[in-house]
Amino acid sequence: MSTATTPVFSVQGLWKVFGPKADRVPGDAGLAALEPAELRSRTGCTAAVRDVSFDVRRNEVFVVMGLSGSGKSTLVRCLTRLIEPTAGTIAIDGEDVRAMDRARLRQLRRHRAAMVFQHFGLLPHRTVLDNVAYGLEIQGVGRAERRERAASVVAKVGLEGLEKRRPSQLSGGQRQRVGLARALAVDPQVLLFDEPFSALDPLIRRDMQDEVIRLHREEGRTMVFITHDLSEALKLGDRIALMRDGRVVQLGTPEQIVGSPADDYVREFVRDVPREQVMTVRTAMRPGGCGGPHHPGALAPDAVVADAIRTVAHHGGPACVVEDGRCLGVVDHERLLAVVAGTERFREAA
C-alpha cells in the first residue's frame with residue numbers, strides 16, 4: 001500500500017480496561033459482552049474503550065463524539081500511548097505504535113502527532129512567542145530558527161502583535177490560539193484535539209471552530225477532533241465516530257449519521273438537527289436532464305439542501321446538479337422537502 005493510501009492512524013480491536021486483571025476482559029467473550037454496570041460488579045473493572053476499530057484517512061478531519069463517559073478522551077490518548085491500551089492494535093503510517101520503545105514514542109509525540117488540550121497548559125512565565133516555540137526547543141531546534149518559525153505560526157493563528165504578552169494577559173480564546181500555534185509549530189503529521197474549545201464562551205468557540213476549518217482548508221493537515229457537542233462535530237468532521245459506553249455505535253459522514261441513524265440512540269441524538277443544513281443535494285436529486293452546467297439554477301452535488309431550496313424557489317423550477325461540467329441529475333421542491341422532513345432516506349450517490 002502506498003504512503004498516499006495508507007491511513008495515518010489505523011486502529012483495530014482496541015480496548016482500554018481499568019481495574020484489577022484488566023487484560024482478562026478482552027480475551028473472555030463472556031466478560032466482554034457484559035454491560036458496564038455488570039462488568040464493574042463482577043470484576044471491579046471499567047471498560048472505557050471496547051473493541052473499537054477505525055482508520056483515519058490522510059488529510060481528513062476525523063471527529064470522535066460522545067457524551068461524558070463515552071470513552072472518547074481515553075481513546076484519543078491511546079493513539080499515542082499517553083494511556084496504555086489493554087488490547088488491540090494501533091498503527092501510524094503502518095508502524096506499530098504499541099511496539100514502540102520510549103525513544104520512538106517520544107519521537108511520535110514530539111514530531112508526528114501533536115495534542116491540543118482543553119486546558120491550555122501554557123507556561124505562565126513565558127511570552128506567547130516562547131510558549132509557541134517550546135516544542136521546537138524540546139526538539140533541539142536552535143533559538144533563532146525556532147523563534148522565526150514560532151513567529152510565523154503566531155501570525156497564522158491571528159495573534160500577530162501579541163508575541164511579547166504572557167498568558168495572564170490573554171483572553172481564553174487567545175490562550176487557546178497559543179495552544180493551537182504551539183502544536184502547529186512542530187509541523188506534526190496529525191493534530192489531536194481533546195475537547196479544546198469546550199471551556200470557551202460560545203462566540204469565541206465558534207471563532208476557534210472557524211479557525212480550525214480555515215487551517216485545514218489551507219494546509220490539508222490530518223486532524224482527530226474529540227468533542228461532546230454534536231453541532232461542533234457536524235461542522236468540523238469529514239467523518240464522525242459516535243461513541244456510547246466505550247463502543248463506536250456509528251461511523252460515517254455527517255450526512256450519513258443525520259440521514260440514516262444506525263439505531264435509536266443515534267436517532268435520538270440527531271433528532272433536533274436542522275437536516276437542511278447537513279443533508280446535500282446528492283440525497284435529493286433524481287435522474288434527469290437539465291439546462292447543463294450554465295443553467296442559472298445549477299448546484300454542486302455537495303450543496304446543502306437549504307441552499308438548494310433557495311435556488312429552486314428563486315428560479316421557480318427544478319435545479320440542475322452539476323459536477324465537472326456534467327449534469328448528474330435534478331432536484332425539485334418536493335424531493336428537497338422530503339429530505340427536510342426525513343421521509344427520503346439517505347443513500348450513497350452512485
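You'll find the side chain of Val97 reaches within 4.5 Å of the side chain of Leu108, heavy atoms only. Two residues are said to be in side-chain contact when any heavy atoms from C-beta on lie closer than 4.5 Å; Asp23 and Val17 fail this criterion. Residues Val330 and Val321 fail the side-chain proximity criterion, which asks for heavy atoms closer than 4.5 Å.
Ser10 and Asp55 share a side-chain donor-acceptor pair at under 3.5 Å. Between the side chains of Ser73 and Asp194, at least one donor N or O lies within less than 3.5 Å of an accepting N or O. In this model, a donor atom of one side chain and an acceptor atom of the other lie less than 3.5 Å apart for Glu255 and Thr283. Between the side chains of Thr227 and Glu195, not a single donor N or O lies within less than 3.5 Å of an accepting N or O. Side-chain atoms of Asp93 and Gln189 form a donor-acceptor pair, as typed in the model, at a separation below 3.5 Å.
Applying salt bridge (Lys or Arg N to Asp or Glu O under 4.0 Å) to Glu211 and the options Lys156, Arg206, Arg177 leaves one that passes, Arg177.
Note that CD1 of Ile226 is 6.0 Å distant from CG of Leu75, once rounded to the nearest 0.5 Å. Arg166 CZ to Asp130 CG: the interatomic distance, rounded to the nearest 0.5 Å, is 8.5 Å.
Between the Arg275 side chain and the Val258 main chain, a donor and an acceptor come within less than 3.5 Å of each other. The backbone N or O of Gly161 sits less than 3.5 Å from a side-chain atom of Glu163, completing a donor-acceptor pair. Of the possible polar contacts, none joining the Arg110 side chain to the Gln139 backbone as a donor-acceptor pair under 3.5 Å is found. In this structure a side-chain-to-backbone donor-acceptor pair under 3.5 Å is present from Arg98 to Pro85. Judged by distance alone, with hydrogens and angles left aside, the side-chain atoms of Gln250 form a donor-acceptor pair with the main-chain N or O of Ala262 at under 3.5 Å.
Within 6.0 Å of CD on Glu218 lie more than 12 heavy atoms contributed by other residues, nucleotides or ligands.
For Phe62 and Phe193, the distance between ring centers is not under 6.0 angstrom.
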Could you go through the side-chain contact (heavy atoms from CB on, under 4.5 Å) check for Arg112 and Glu95 one step at a time?
-> CA-CA 12 Å; Arg112 300 169 73 181; Glu95 182 179 0; 2.9 Å; yes
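Residues satisfying the side-chain contact (heavy atoms from CB on, under 4.5 Å) criterion with Ser70, sequence neighbours excluded, are Lys72, Met243.
Both tests hold for Arg244 against Tyr265: distance to the six-membered ring centre under 6.0 Å, angle to the ring axis within 45°.
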